[in-house]
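Along the sequence shown, residues carry numbers from 1.
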Amino acid sequence: SSVEGRVAMEYFDMAADVQSLKYAFKCHRKNENGKDIVYPVNAIAFHPILGTFASGGCDGFVNIWDGNNKKRLYQYAKYPTSIAALAFSGDGELLAVASSYTYEEGDQSHPSDAIYIRNILDSEVRPKPKVR
């Protein structure tokens with residue numbers, strides 16, 4: 001997770017050519033009245049077949065990313081509160097989303113915790129061909 005609203009792609013292979021592929025990008029942010037609002041990233045889950053991944057943050061959004069092409073593929077409608085955890089099913093056809101207030105705005109009234117199971121469309125998670 002990241003409190004800076006960023007996701008980093010890093011590799012275990014220490015070869016220089018592989019390490020040159022690592023990068024970080026900003027996500028779970030919005031611009032409000034000219035001010036950049038940054039939301040912590042609480043959860044990441046990789047699609048078990050396609051290698052794309054989902055990120056969930058305190059903004060209540062789940063985004064699907066193509067890490068190889070450095071592009072967002074899809075953003076689901078906002079959940080009632082922060083995204084605390086994510087998990088794809090083994091076949092990649094379902095995504096479990098845990099929505100739970102993480103006290104980012106202090107102790108206050110908030111929606112009840114909930115787990116949502118989404119049916120995933122191929123178009124939401126399949127990487128797009130790289131345009132050259």
Side-chain angles (χ1 to χ4, degrees):
S1 67
S2 165
V3 296
E4 299 172 346
R6 293 178 186 263
V7 169
M9 294 295 291
E10 297 191 8
Y11 300 88
F12 292 109
D13 186 334
M14 296 308 290
D17 61 326
V18 174
Q19 287 298 307
S20 71
L21 300 174
K22 68 183 182 179
Y23 64 93
F25 62 94
K26 297 176 183 178
C27 56
H28 298 280
R29 295 166 179 248
K30 74 176 178 180
N31 190 301
E32 200 169 87
N33 300 322
K35 186 176 179 183
D36 196 25
I37 309 296
V38 178
Y39 296 94
V41 177
N42 296 333
I44 295 178
F46 282 86
H47 190 280
I49 298 165
L50 300 173
T52 52
F53 63 94
S55 67
C58 283
D59 57 355
F61 285 102
V62 173
N63 294 302
I64 305 294
W65 302 94
D66 177 351
N68 292 330
N69 290 318
K70 304 176 186 174
K71 299 283 183 195
R72 182 171 63 189
L73 297 173
Y74 198 81
Q75 182 177 67
Y76 295 103
K78 187 174 181 174
Y79 285 87
T81 188
S82 301
I83 305 306
L86 297 167
F88 281 101
S89 61
D91 61 9
E93 293 183 9
L94 301 173
L95 177 64
V97 178
S99 177
S100 176
Y101 184 64
T102 58
Y103 293 86
E104 63 273 8
E105 295 179 16
D107 193 11
Q108 63 181 25
S109 178
H110 53 81
S112 298
D113 296 347
I115 296 175
Y116 301 88
I117 306 296
R118 297 195 66 95
N119 287 304
I120 300 299
L121 299 176
D122 189 67
S123 61
E124 298 168 350
V125 294
R126 180 163 299 280
K128 307 279 188 280
K130 195 163 191 168
V131 179
R132 297 191 188 268

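- Proximity of S82 to N42: side-chain heavy atoms (C-beta onward) are separated by under 4.5 Å at one or more points.
- Environment of CD1 in I37: crowded, with over 12 heavy atoms of neighbouring residues, nucleotides or ligands closer than 6.0 Å.
- The aromatic rings of H110 and Y101 lie parallel to each other, with less than 30° between the two planes, well short of the 60° mark.
- In terms of hydrophobic clustering, with Ile, Leu, Val, Met, Phe, Trp and Tyr side chains grouped at heavy-atom distances under 4.5 Å, V62 and L94 are assigned to different clusters.
- In terms of heavy-atom proximity, P48 sits nearest to G92 at CG-N, 3.6 Å.
- Interatomic distance, CZ of R126 versus CD1 of I120, reported as 13.5 Å (0.5 Å rounding).
- When all heavy atoms are compared, the tightest approach of Q19 to D13 is NE2-O, 2.7 Å.
- By the 4.5 Å heavy-atom criterion applied to side chains, I83 and V97 are counted as neighbours.
- D66 contributes atom CG, which lies 13.0 Å from atom CZ of R72 (distance to the nearest 0.5 angstrom).
- Partners of D91 by side chain to side chain donor-acceptor pair (under 3.5 Å), not counting sequence neighbours, listed by chain and number: S89.
- Counting heavy atoms from C-beta outward, I49 and V125 have side chains that stay 4.5 Å or more apart.
- More than 12 heavy-atom neighbours from other residues, nucleotides or ligands sit within 6.0 angstrom of NZ on K128.
- Closest non-hydrogen pair, P80 versus P111, comes out as O-CG, 3.7 Å.
- If you chain together hydrophobic residues whose side chains sit under 4.5 Å apart, F61 and Y79 never meet in one group.
- Minimum interatomic distance between K22 and E10 (heavy atoms only, all atoms of both residues): CB-CA, 4.0 Å.
- Linking Ile, Leu, Val, Met, Phe, Trp and Tyr whenever their side-chain heavy atoms come within less than 4.5 Å leaves L86 and V41 in two separate clusters.
- Remark: Y74 engages Y76 in a ring-ring contact (aromatic ring centres under 6.0 Å, His included) (not counting sequence neighbours).
- Nearest heavy-atom pair across A84 and S100 is CB-CB, 3.9 Å.
- Here the side chain of E93 pairs no donor or acceptor atom with the backbone of N119 at under 3.5 angstrom.
- For the atom pair CZ of F88 and CD1 of I64, the computed distance is 4.5 Å after rounding to the nearest 0.5 Å.
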